[in-house]
Every structure is written in C-alpha cells, then in structure tokens.
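Please read the structure below before turning to the comments.
This is a predicted model, so every value here is computed, not measured. Letters go in sequence order (proteins before strands), and every chain restarts at 1.
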Amino acid sequence: MIDDKTLESILFMSKLDVDENVREKFRSQIDSVITYFEILKEVDTESVTSSAEEAVGMDELRMDEKKESFSTAILKSFAIHFMDGYFAVPRIIEKRKAEEK
Amino acid sequence: MNIIEAPLSELKEMLDNGDISAVEIVRAFRENYERDEREELPLNGYIEFFDDAEKAAQKSDQVRESGDPGILEGLPIAVKDNILISGHEVTCGSAILEGFKAPYSSTVVERLRAEGMIFLGRTNMDEFAMGSTCEYSVYGPSRNPYERNHVTGGSSGGSACVVSAAQAPVALGSETGGSVRLPASFCGIYGLKPTYGSLSRYGLVAFGSSLDQIGILGRVPDDIALVLSVAGGYDPNDSTSANVDFSGIYPLKRMKLKGKRVAIPVEISEEGVDEEIRGKIKVFSDWLTGMGVTVEKISLPVLKLSVAIYYIIAPAEASSNLSRFDGIKYGFRDTTGETLEDLYVRTRTRGFGEEVKRRIFIGNYVLSSGYYDEYYKKAMEVRRLLKGRISELFTKYDFILSPTSPVLPFRIGEKVDDPLSLYLTDICTTFANLASIPALSVPLGLSKKGLPIGLQIAGNMFEEEKLLRVAKLWHEESNF
Amino acid sequence: MVKYSVVIGCEVHVQLLTKTKAFCSCENRFGGIPNTRVCPVCLGLPGALPVVNRAMVEYAIKAGLALNCKVASVTKFDRKNYMYPDLPKGYQISQYDIPICYEGYLDIESDGSTRRVRIRRLHMEEDAGKNIHLEDDSGLSYVDFNRCGTPLLEIVSEPDITSPEEAVSYVQGLKEIMLYLEISDCNMEEGSLRCDANINLHIEEGGEVFETPIAEVKNMNSFKAMKNALHYEVERQLKEWREHRYTLKDFGKITRGYDDRTGKTILQRSKEEESDYRYFPEPDLKPILIPEELIREIRQSIGELPREKRKRLISEYGITEKDAKILSSSVALSAYFERAAKGYREPRKIANWVITELGGFLNSEGISIEECNLPPVYIRKLVELIDGGKISGKIAKDVFAEMTRTNSNPEEIVRRKGLSQITDREELQRVVKGVVEGNPKSVADFKGGKDHAFKFLMGQIMKVTRGRANPRIARDILKEMLEDD
Ligand SMILES: [Mg+2]
Ligand SMILES: [Zn+2]
C-alpha cells in the first residue's frame, strides 16, 4: 500500500492535490494498478540489449538555418496574460518567502 | 445518392462530375449533426461543428472551378480535438485548455488542407486521450450510435461516433494504446493505427510520445487509404517520423490471399473473451481459410504483459508531457492562491479530471527515484523483449489476428470507477503500440443485442497497405 | 589551528554561438525585444516537437575533443523534469546517462606549476527563459522566452580543484578554449558562461579526516565574484565546523547563492528540498550515431590549442609570456604574427607591432583580424626599414598609418613620400649649420649652461628635415658644432 509519505511526495512532484474525502479511494485505485504491475517482476530481461538500432545519423539532424519566429500578435492570441511584450504571471513568490510573511 | 452515407470515393466522383458541390456536402453533414443534437440523448460526437466549414467549402468550390483541385478537394473530415488546426480551439477534452486557440496547425492537417480537404469539426475524446470509453471528457461522454446508453469506446470516441452516425465520412483519431481501434470496433467501423512514424506527430498533443500516433477512422478501407495517402510520410518537424511514401496506395489494389499465413495468439483471443466475439472471429477466420489462407493458433505469453508495460510507459511519458499545462502561458489559470506552488497545484487540480490525475500520479511514481528501475526501466526492457518476439513472428506470418476488444460495448458509467478493469479492456490492442506496428480494426457485424463487434489485424512495420487490402476484400464480402 | 584542504568541483554552463536554437529554428542571439524569437517548439506549445540542431552536436564534439574527452559513439537526450515559469515544457531536454563527451581533462597553471583538472563529462542541453521581477506594485512577474532553447554545454569537472584561485584559473582556461574554438563568447556578465561550484573542506583532526557538507555555490557572475564567493565559503565552512562540527553525512549537499553586494553566500536549498528530476530518455528524439570519421575531421579542424600555442610561441620566437598570451587568443591573430615574423631575427619587435599598432588600428576601426587586408609581410618590411636606419621609429608610425589606409608596401610609401632618413653626414652638417646660425640665442643659452636649448635645436633640425634626419647622427654633429666654437 502506498504510504502517506510517498503519496504526499508524488503529489508534490505532480503539482496536484486530492481532496481529503476522495483520498482513500484515489489511493486504493492507484494501489490496485501498481500491484498489477508486479506481473513484470517475473520476467527475465537479462538478455535484453539496449536499442542502438533506432539511432539516426548526423545527416538526419537539422541544419543550423534560421526560420521565422512568432509575431507578437500570435502570442497575444493565446497567452493568458500578455503585457508589454512579456508573458505576465502572478508574482513569483517562493514558498519559503511566503511562509516568512 | 445519399451524401452522408457515401464513401469518399463516391463523393469525389460526384464532385469531379459536377453533380454536387463541397458546400452541399458540408450542409448535408451539418444537417445530420444538427438533427441529432435535437434528440433526447444526442450522440455528442462533436465538441464543435465548425461554423467556418461552409466558408471553406465555398472556397474549395472556387478552387475547383478555377481548374486546379487538390486530391481531396471539397472532401470533408472530422478531427479529434487533440490535433491542432490553426485558429480553432483545441481542448483535448480538458478544462485546463479552456479558451486555447491553436496558433499553428499540425503537419497532418496542413497536408490535408493543402490538398483541399475541409474540416468539419472537433470531435470528443477522453481527456488528453486517457481512457477507453470516451467518458472522461469535460464535455460529457459520447454515445454509441447503435445503443445510446452504451459507450463509444475511447479515447477517439467522438471520431468513431461521428463516422458511424454519418456525421462525417472519415475522421482523424489518435492512438497511444488502442484509442482508434477500440472505438472503431465499438461503433462498427474501420479504424487504422498506423506504424509508429507513419504520420507526423507534429501538432498532435502528446500523451505517450513513444507510442502516440495519429489514426484514421472510416466506413470503407479505401477511404482510410485515401486519407493516409495524403497525410502520411516523413516530416522534418517530427524526428521520429519515418521515411515512407504512401502516395500510391489509393485506390487499394486487390490482394491475392491464397498462401498467406495468419497467427491467432491464444493469449488475447480466448480466455476472457466474450463468446459472441469468439464466434464472429471464427466466421472471419473460416472465410480466410476458404480463401486459401493458413490460419494457426499460436501462443505468445509476453502478450499477457502488454497492459502492464503500457500502463507504466504511457503514464510515465504523460506525466512529463502534461507538465506544460501549468497555468503560466496558455489555457486555464487559477489565481486564488498566493505562491507559485499554489498557482501550479490549484490550476492543475481544478483543470485536470480524475483519470488524468491518476495517470500523472502513476507516471511520476514509476519515474521517481527508488522506483525507476523496478517499474519504468523494467517496462522498457520487457517492451523491447515484446518487440523482438513480434518481429520474429512476422518472419513466419503475414498477419496477427485477434478481437479488438475482449468485451462488447458496455453501458455508460459501468466501469468508470474501476480503472484497472477498464485498463484491461486494452489487452488486445496495446501490443501493437508497444511494438510500433500497424493494426486495423475491422467491423464483423452485430451481436444478438445489436452491438458492434470488431476484429483486429496487425501487420509488420509499414505494412498498412497490406492490412487495408485484406480489409477491402472482407468489406466487399461482408457488406457490413 | 585546523588543518584542512579545500575541495572544489565546477559545473560550467556555456551558451553556444549557433545561428539557431538547440531544438527549433528560432534565431539564437543575446537580448533583444522580449519574446520575439519564440515559436511553438521553444514555447512548449501543445503538439510541438524538438528537432536537434546539427551544429550544436558538432560544437559539443569540438569542445569535448579540445578538453581531451572521449566522444560517445552513440549519444541520446533525456528529460529532466521540474516546473518553473521560465521552463515552458515543465522539463529540460538534457543528457543524463550517456553524455556526448566524457573523461577529459584541462591543465591549468597554479602557483607556477601545472595541475590537471579531470573533466567528468560534457553534455548538451537547452537553456531556460528569463523571469523578470520588477519592484512594481502590479503583483506580477514577467517571463521572456527569447533565451529559452539556447544550446548549452554543461561541463562537469571532478573535484580536483584545491583553491578558489585554481577554480578561477580552471574556468578561465575553459573560456580561453571556447573563445579559441569560436563556439561561445563566454561573457559571464551576460550569462553566456555560468559557473556553479561544489565546495567543501577535508579537515584533519586527530588522525581522522572529516568532510564538511558540500555547498553548491551559484550566482557568481564574474571571476572576481567567483574568487570572493569561494573564499567566503571556505571561511564560512571553517567557522561552521568549529561551532557545530557538521559533516557531509549529517547534511549532504546544500545550495547557496552568492550575493555580489554583500560578498556573502546565502542558503537557498537544503538537501530535504532537493528535487527528484525523474530523468528518462527523451522519446521525441532518437539516439544519434557519431561516426569515427566525423570525430577525426573535427579533431583535425581544431589544431593547436591556445595553451600549447602559447608555449610554442615563447620557445620558438622568444616573445614575452604576456605577448604570447595575447597572440594565442585567436587563431587568426597568431597566424598573422607567425607569417609576419617568419625568417626575421627579432620576432619580439614584430609581436610588439602586431599587438600595439595593428591591434590599436583594428580596435579603432572596429574590424577583426580576419577582415584586415594588410599583408603580414609588410609589418616585417616596416620593421626592417627601421633596422636598416632607413626611417626613424617616429616616421615608421606615419608609414604604418599610410600602410593600413592603402594596404600598400612600406618601402613604396617611403620612396613615394621621400620619407627615408637622411644619414649622409655632409648633408646633415649643412642642415645643422643652418640651424645653429639661425638660432644664435639658443646657442648662447646652451653655452650658458641651459641644457634644454639643445633639445630645442634638435627639434629645429627635425623640423627642417620633416623628421627625416637620422637622430643619432644629427645629435653627434650638433654636439660637435656647439663644442667646436
Ligand atoms: Mg545543466
Ligand atoms: Zn523556437
């Protein structure tokens, strides 16, 4: 079973929160899936080699040639908040600073 | 001839002969869509039917008049709402992309547009293509045209729904693990998952990047071939796209089946597979045998692992791919908090649905330090093992045959709270994504209760044409 | 007295001077109007995919070879996952377990001797955008993505550096090589070269060695800042050891930021707050094969590195260390010097002309040595004219000016303008005589003991000859004449 500490730390990485009242349901759903993954444990993968066969040659890379970038009008068309040429976001306050306040 | 029921090849002919116009075609589909919208339980296949489709059709008619029509001039298509069409919203069935208008078009859309194709609208889907039923959409579930209280299958449920219900002749969908084939099967149409790399992924919102592939849904194999012939092939904007040329595959040539060899793996065609589905598969394999094909049951135990491999790799990649939805640049932003952390967590917690959250969680779990080797690395190794076995199989056989789904379409809401059992409906399809091979879902007819049943033929890498040619023979034979 | 040694390892980020960004075709350039060099790829828009810039890979191999690294035959990219507003995809495309170059070294000078700093790895990655925090009351922060996607090399050393001075010398050595290879402009103030240093102390006490917690020091924006920050850190760790005796085992690694205003480092992150980056292979990019042949080609193109060149110039031409350093900083400049000095017996003089006069000219014209059309052999000819007494050093400067203006042969200039020195005694005697006769007051002053009058008379001689009088001979004649009376 996924313990509280792991649950918290994975939620932190995921930048997600789960409501208190559905937390246990969420935990058990995830748990059943992760338990199911155990069937892979039995498989012997000793002989599996890494797949260099999919590699590409240098010729398949992009040539260093400039192409046109977006116009400001396009950026404005999808940005949540575009101001003075910048993407504006609520002032970045780190947790540490917020706690000091 | 009834426009909405006609395959693309016939619409093309009518347009060429001047019997109809592109505008008339768009209007016919729109009317059919709008008629259904007034039903008590609308199918809900489209998230948006484009208002500008008719205008595009007018332009297309002018192009035709001027004498230089494209290969697909005036032919319409519906597009899954995770494929970008410049100037139109793209939501992936999610609240987090609220109001986001695509500032560029996907390569596949560009190619179809360049040949005169008209985009009818955006189709419904499980949020970020994560689901097998099309129930996990912020726009509500799509409904199965054969039985409206049943699911369409997913995640390209909307695309399967509109094609099956004659609201579009063909549609683009996307696959990560069965997301085109499963709804095609549930809705009684054809659905092709091409080889990984056959179609550019540029402009397809990523889910599991090493598995994602745009797919095509249609009512006739030739329609799929026609779209593939234009949309497929190498794209310098997608480093994983392959150097293949599909331009000559339409119209599909007849195939000599005699002497071909087909394998039916018992692991995905017997245990746990619905009796009625097994019966229909038997009909199909008897037909093949009658055509001089050798059909053999084989055992490939690694197939039993494909769901586990898939549900590690796909969420792992997804957890990273979906990090960009953070409320900073575009889409939805929740500003009720104070810190940057609050902005992220609140935006994502409100913006993503339950299934997406589960998958992001699983993905981050299997990638996190301490679990990486046990889950992600192991899954990658077993995937390579599976790929090797599949490729061995194709040295002896031309096709791998199985049901597309082990079960018949189920009722809306039936499995929505049981992710694992839902994941297991992908048992027949995911191996094709893991092995990067093409696979096609073929409609076999209806169950006693009138629900569609589908079969899956998988082929070796880049053998899409071969799959479609078999399907063409079956289509002529079955008349379904 | 605590006996201790300082242990430092450096992580250096270098921005590459490719024309376009690492994974998209947007222009790669410093500064400019914000958010004007952005596209779906570098903004991380849904559906956008990266495509590897070939020049980035070649530059990385070049840098790796210059740093004596091995080059991987197959390399690949990985994703480093963390979320920050300047990182639009929520992950950075980087390299994790198979860096393109590994196991190299850089030799540096320290206290007059040579020390070898091993280089663990050199890998490619993309830069992030820039967050801008204004002290306004808008409650907003601003993000500029122009820099986002700029190709970077991350060069990680082993902890072989034993003092702040050595750390500076190591980074300067890297900078010299990058400049020489012309793959980066390495401007610390603009951030095209950034160094983070991992530093701790090995303290010997009672026959045991204790390690203090490693601090990763960030935000050192100049070599001076680097030196100050690391010295501060040594003192701080010593003090902390005396007071608390914390060890690496207790604390692990911490992150500290240097503040240039206060000269101190400030705690930014402790070990508990360290992120789990969840690295995994970048599925959007295939691994890249690097053929032996390409490595050979690039190796050949590098040629002699600045440090070796410097040593050779000193031993071969006998020029000063300082001049050698300047000349070896650019391939073109040292090549120019060598061509000019070829077969000449006093290369020091040539070095002086190339560095001072030619350098000054290039500077004032704002052109590079590559753009300079003056044949190197003209510099030698000019120096030879001075040697042969044909022209004075002063005239030579005028000739040089004319030479750079017209790109013509100095001998030709001297002949055409009649600038050659007057060394003929009889002719000079006539001139001196005239000057002496024309300036009786100065002559009287000189005889009355006023030495400066001699200078004045010499000046008059030069004036009359328009600077062409051989000063040594003219002086002798003037002396003779004044004493004769
Ligand atoms: Mg780095
Ligand atoms: Zn860009």
Tell me, side chain or backbone of [X] under 4.5 Å from chain A's heavy atoms, or both, or neither?
X: C:Pro85; value: side chain
X: C:Lys21; value: backbone
X: C:Pro291; value: side chain
X: C:Tyr82; value: neither
X: C:Leu43; value: side chain
X: C:Leu134; value: backbone

Using a 3.5 Å distance criterion without hydrogens, assess whether the side chain of [X] forms a donor-acceptor pair with backbone atoms of [Y].
X: C:Arg54; Y: A:Glu60; value: no
X: A:Asp64; Y: C:Lys19; value: yes
X: A:Arg62; Y: C:Cys24; value: yes

Above 12 or not: heavy atoms from other molecules or residues under 6.0 Å from [atom1] of [X]?
X: C:Glu293; atom1: CD; result: no
X: C:Asp137; atom1: CG; result: no
X: C:Tyr96; atom1: OH; result: no

**Message:** Just so I understand: if I count every heavy-atom pair under 4.5 Å between each of C:Ile290, C:Asn81, C:Asn28, C:Thr18 and chain A, which residue has the most?
**Reply:** C:Thr18
**Test applied, side chain to side chain contact (heavy atoms under 4.5 Å, CB included); reference residue, A:Leu61; option that passes from C:Asn53, C:Val57, C:Val51** = C:Val57
Quick check: closest heavy atoms across [X] and [Y], and the distance to 0.1 Å?
X: A:Gly85; Y: C:Asn35; value: O-ND2, 2.7 Å
X: A:Ala55; Y: C:Leu289; value: CB-CG, 3.7 Å
X: C:Thr36; Y: A:Ser69; value: O-CB, 3.5 Å

**Message:** Any non-hydrogen side-chain atom of C:Ser138 less than 4.5 Å from a side-chain atom of A:Arg91?
**Reply:** yes
**Request:** Flag the pair C:Leu45 / A:Phe70 as yes when at least one side-chain heavy-atom distance between them is below 4.5 Å, and no otherwise.
**Result:** yes
Which value, rounded to the nearest 0.5 Å, describes the distance between [X] atom [atom1] and [Y] atom [atom2]?
X: C:Ser25; Y: A:Lys66; atom1: OG; atom2: NZ; value: 11.5 Å
X: C:Leu140; Y: A:Asp84; atom1: CG; atom2: CG; value: 10.0 Å
X: A:Glu65; Y: C:Thr20; atom1: CD; atom2: OG1; value: 8.5 Å
X: C:Lys76; Y: A:Glu54; atom1: NZ; atom2: CD; value: 12.5 Å

